[in-house]
Each structure stands twice: as C-alpha cells, then as structure tokens.
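Only one structure is covered here, and it is reproduced in the block below.
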Amino acid sequence: MNIIVTGGAGFIGGNFCHYMTNKYPEDNILCIDKLTYAGNMETLEPIMDKPNFRFFKADIADRNAIYKIFEEEKPDIVVNFAAESHVDRSISDPEIFLRTNIIGTSVMLDACRKYGIKRYHQVSTDEVYGDLPLDRTDLFFTEETPIHTSSPYSASKASADLLVQAYARTYKMPCTISRCSNNYGPYHFPEKLIPLIIANALNDKEIPVYGKGENVRDWLYVEDHCIAIDKIIRDGKEGEVYNIGGHNEKTNLEVVKTVLSLLDKSEDLIHYVTDRPGHDMRYAIDPTKIHNDLGWLPATPFKEGIRKTIDWYLNHREWWENIISGEYQNYYDKMYGNRG
Ligand code: NAD
Ligand code: TYD
C-alpha cells in the first residue's frame, strides 16, 4: 500500500513515519511536508534511507504540487497531520492557521476525490470540544460533545473536521477523524510545555507557567497515538470520529514539578507569567468508543512515558539545541520577554 503522511517532519507525524516504516516494511510511506519552523529533517534522519520511505517537500495548500504527487504516486491511504499546531502562535498570528489547517485540508480532500482513495484520515484534536470546568471531574469529551472552540488554532482544526465530514457525506468519501488529547514524547518541538520544561530546566532557565498553573491537560505518550491511528486507518469505520486519550489528567503545575524532580532541579525555577488569553481550563477524553470498537488502550503509563521522554532529550541534546539556538530564540524572546 502507498500511504501519504503529511506533516511527517513534525512531532507526531515524524513519530508516525518511524512507527509505520518499521512496522510495515511492505508498505510505502510517502511523507509530504512544507518544512515550516516546526518541520525538521533531523527528525526523519533515522528513516531517510529506508527503502519504504520517501520525502516530498510541498505545501498541502499548493494544489498543483499536491495533485502532481497524487498523480505520480497513486496513494491508497492519506493521513493528514500537517498543521500549524501551537495555540500561542495562533493568538498572535491567526492567518497562517486558516491557510494550512483549512485550505490545506480542503486541497488534500480534493486530491483524494479527484484521484480516488481507500481512506482519508484527518488527525484532529480534543481542543475542538472547547474546555471543561475544573470542578466537574465527572465530565469528559465524547464523540457526541458539541464542537465549541476557544482559540484560532482550535477553530481552524474544527473547520477542517467539518469539511472532512461534508466531503464524507456529499461525495461519499471514505473518511475518518481522530481527536486526541495532548501528546508528549521524542521529537516534540520545544515551544510546547513538556519539552520547554525539559530544555529550560537543563539550561537552568526559568520555567514560564501561565496563570496559576492549575489548567488540566490529559497527556498521552506519542507512540500510543500512532498505534491508535494505525488501528483506525485499518479497522475504523468510514465516516466515524474516534476520540483518543488515556485518562491521564494532570495540572500544568504537577507536570512541571514532576519533570523538575526527575531532573533533580529546584522548584525555584518555576516562574508564574501572565495567562494565555482565552486559556482552556481542562481537557479530558472519554476513550470508550475506540476501546470498545478497536480494542485500543494506551500502553505507556505517564510515569514510564515521562522518564523515556526525559531520557530521549538527555540523549539527543543536539536535536533540540539546534532548534533553540536558531530562529526559535527570537520567538522565545518575543513571546516571553514582556510577560512578567
Ligand atoms: P508540529 O507543529 O510538530 O508539526 C507540524 C508539521 O506540519 C511540521 O513538520 C510542519 O512543517 C508541517 N506543516 C505545517 N504547515 C504545512 C503545510 N502547509 N504543508 C505541509 N506541511 C506543513 O505538530 P504536531 O504536534 O506533530 O501535530 C500534528 C497534528 O496532530 C496536527 O494536525 C495537530 O493539530 C494534531 N494534534 C496534536 C496534538 C499535540 O499534542 N501535539 C494533540 C492532538 C492533535
Ligand atoms: P501547550 O503545550 O502549548 O499545549 P495546548 O495549549 O495545546 O494544550 O500547553 C500545555 C499547557 O501548558 C497549556 O495549559 C498552556 C500551558 N503552558 C504554560 O503554562 N507555559 C508555557 O510556556 C507553555 C508553552 C504552555
């Protein structure tokens, strides 16, 4: 089978390319990535020479480039990870989120429609459901929870989901959507909370915690997300949405303290800064459907996953030091310089 993976030079797409090339030597994994600031060829370096892996530098919103790849490669399956993915960036500059996340998705869907496909899978996020109150720990996101977005990022991802559902119904396209909670693990770009804590702590730099640090996220080890998507593209039912998450809710402060303690660093590094505007309070996934229908459950408990992640960052300093010594430094100064 020929499987197109967009956004494969990023965090989750990269882990998915590693997972798929190793697990299915008989399938061809065709990675399409624009290589934005978040795309990194060093993430793909370990699999670049594999005979079942190929890389195409292209923008998913570039219709001609995408159609050309489809015409030549005749993919059976498309998994669309490519996106602008950082909430804070979407607050300072929403437009690129609309172009990549909405227009890009529509171009991918049109290509699938024009050239024919066995399955189109949209990698979405639990953020399309908005947030849950901190004092209602009995509430979880199910696939029936109404879409109710907070940030330009989540609004753009929700728009993409609606387009996928429209193409599935109108053109009877074989589509699935997954909505996953926060991922962590190797190759995570250091603008996001967990790698930012690790990188700053290792450099004895302050850890910026938004507001009081009481917001809750439901953390999932990235490989568990990859396994879930693999199950959905093979056994998931066309037209369905699957929530992915593992009942692993933690406040941001708990996560920061856990990482600091595993690195043997002082909690004095914690620095409370101005809150993110519109900051979602709590995300929590109910994974009953994917468990019952596809037999998926997360395999890596947080205690083990966070240790593995920290070890990876300790053993791959060059990967993240190259990032934080480049253009990223300008972003960091702009984002945190005047935050208090
Ligand atoms: P990321 O920012 O690390 O990677 C995104 C990748 O997409 C990069 O390699 C980038 O170069 C590429 N890209 C961006 N614009 C592109 C374009 N126009 N054309 C082609 N490639 C482009 O993101 P991530 O954290 O790996 O997230 C991947 C997907 O998973 C996203 O769709 C995101 O919404 C979703 N998701 C992420 C999380 C999470 O916790 N990170 C949770 C749930 C869902
Ligand atoms: P993030 O990793 O950006 O993911 P998301 O916003 O998609 O959940 O942030 C995770 C949580 O950590 C979120 O509540 C915001 C918070 N946060 C901080 O407190 N400080 C930081 O420097 C960052 C990047 C995030």
Side-chain angles (χ1 to χ4, degrees), residues 5-17 31-41 43-44 56-62 65-66 79-91 96-97 99-101 103-105 107-108 122-128 131 150-151 153-154 156-158 160-161 178-185 187-197 200 206-220 222 225 229 243-245 250-253 255-256 270-276 278-283 285 332 335-336 339:
V5 176
T6 70
F11 166 45
I12 310 176
N15 277 280
F16 188 71
C17 287
C31 170
I32 299 179
D33 200 294
K34 183 182 172 185
L35 297 179
T36 67
Y37 80 92
N40 190 342
M41 287 309 284
T43 296
L44 294 172
F56 300 83
K57 183 177 186 307
D59 179 345
I60 59 163
D62 179 344
I66 295 300
V79 185
N80 187 26
F81 288 93
E84 288 292 332
S85 69
H86 191 36
V87 173
D88 293 326
R89 286 185 193 253
S90 84
I91 294 168
I96 184 66
F97 285 73
R99 181 179 147 77
T100 290
N101 300 2
I103 306 290
T105 298
V107 169
M108 293 305 297
Q122 177 72 5
V123 181
S124 185
T125 164
D126 61 355
E127 301 194 26
V128 301
D131 62 352
S150 312
S151 68
Y153 164 67
S154 56
S156 68
K157 292 295 290 183
D161 285 13
S178 54
R179 296 181 179 145
C180 190
S181 59
N182 285 63
N183 285 214
Y184 68 100
Y187 301 109
H188 203 178
F189 195 86
E191 69 186 347
K192 305 284 173 58
L193 181 68
I194 289 184
L196 186 143
I197 307 169
N200 281 19
E206 284 176 345
I207 317 284
V209 172
Y210 298 168
K212 294 187 193 136
E214 62 190 3
N215 305 64
V216 169
R217 296 294 182 263
D218 185 358
W219 294 97
L220 183 74
V222 61
H225 188 185
I229 292 174
N243 284 356
I244 307 173
K250 307 225 169 288
T251 66
N252 293 338
L253 210 48
V255 172
V256 173
I270 294 174
H271 182 60
Y272 294 95
V273 300
T274 313
D275 209 352
R276 171 187 282 173
H279 198 170
D280 280 338
M281 287 315 299
R282 171 175 167 250
Y283 301 146
I285 285 273
Y332 195 91
M335 193 59 83
Y336 296 101
R339 210 155 174 155

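As the structure lists them, so they are numbered: ligands from 1, and atoms in each ligand from 1.
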Quick one: does Asp59 get an N or O within less than 3.5 Å of an N or O on ligand 1?
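Yes, there is a polar N/O contact under 3.5 Å.
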
Show the short N or O contacts, below 3.5 Å, that ligand 2 makes with protein N or O atoms; if there are none, say 'none'.
unit_1, atom_1, unit_2, atom_2, d
ligand 2, 2 (O), Leu193, N, 2.9
ligand 2, 3 (O), Arg276, NH2, 3.1
ligand 2, 4 (O), Asn182, ND2, 3.4
ligand 2, 6 (O), Arg276, NH1, 2.5
ligand 2, 6 (O), Arg276, NH2, 3.3
ligand 2, 7 (O), Glu127, OE2, 2.5
ligand 2, 8 (O), Asn182, ND2, 2.9
ligand 2, 8 (O), Arg217, NE, 2.7
ligand 2, 12 (O), Asn252, ND2, 3.3
ligand 2, 14 (O), Arg217, NH2, 3.2
ligand 2, 14 (O), Asn252, ND2, 2.9
ligand 2, 14 (O), His279, NE2, 2.7
ligand 2, 19 (O), Tyr210, N, 2.9
ligand 2, 20 (N), Pro208, O, 2.8
ligand 2, 22 (O), Pro208, O, 3.3
ligand 2, 22 (O), Tyr336, OH, 2.7

Option nearest atom 28 (C) of ligand 1 (shortest heavy-atom distance, choices Tyr283, Phe189, Phe81):
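Residue with the shortest heavy-atom distance to the ligand atom: Phe81.
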
Shortest heavy-atom approach to atom 13 (N) of ligand 1 - which of Asn40, Asp126, Thr36, Asp62
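When every heavy atom of Asn40, Asp126, Thr36, Asp62 is considered, Thr36 comes closest to atom 13 (N) of ligand 1.
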
In chain order, what residues pass the ring-ring contact (aromatic ring centres under 6.0 Å, His included) check against [X], with sequence neighbours excluded?
{"X": "Phe81", "answer": "Phe16"}
{"X": "Tyr184", "answer": "Tyr221, Phe302"}
{"X": "Tyr37", "answer": "Phe189"}

Close approach of [X] to ligand 1, heavy atoms, under 4.0 angstrom:
{"X": "Ser124", "result": "yes"}
{"X": "Asn182", "result": "yes"}
{"X": "Tyr153", "result": "yes"}
{"X": "Gly8", "result": "no"}

For Ala82, take its heavy atoms, then give the atoms of ligand 1 lying under 4.0 Å from any of them.
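Once the distances to Ala82 are compared, the set is 7 (O), 20 (C), 21 (N), 22 (C).
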
I need the atoms of ligand 1 closer than 4.0 Å to a non-hydrogen atom of Ala9, numbered in the order shown.
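It comes down to these atoms of ligand 1: 9 (O).
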
Can you tell me which portion of Leu35 lies within the under-4.0 Å heavy-atom range of ligand 1? Options are side chain, backbone, both, or neither.
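Backbone only; the side chain of Leu35 stays clear of ligand 1.
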
What is the closest protein heavy atom to atom 9 (O) of ligand 1, and at what distance does it sit?
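So the nearest neighbour among protein heavy atoms is Asp33 OD2, 2.6 Å.
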
State, yes or no, whether a side-chain contact exists between Tyr153 and His86 at a heavy-atom distance under 4.5 Å.
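Result no, sub-4.5 Å side-chain heavy-atom pair not found.
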
Looking at side-chain heavy atoms only, is the closest gap between Lys192 and Asn183 below 4.5 Å?
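Of all side-chain heavy-atom pairs linking Asn183 with Lys192, none is under 4.5 Å.
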
Salt bridge flag under 4.0 Å for residues Lys34 and Asp62:
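Salt bridge flag = no for Asp62 with Lys34.
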
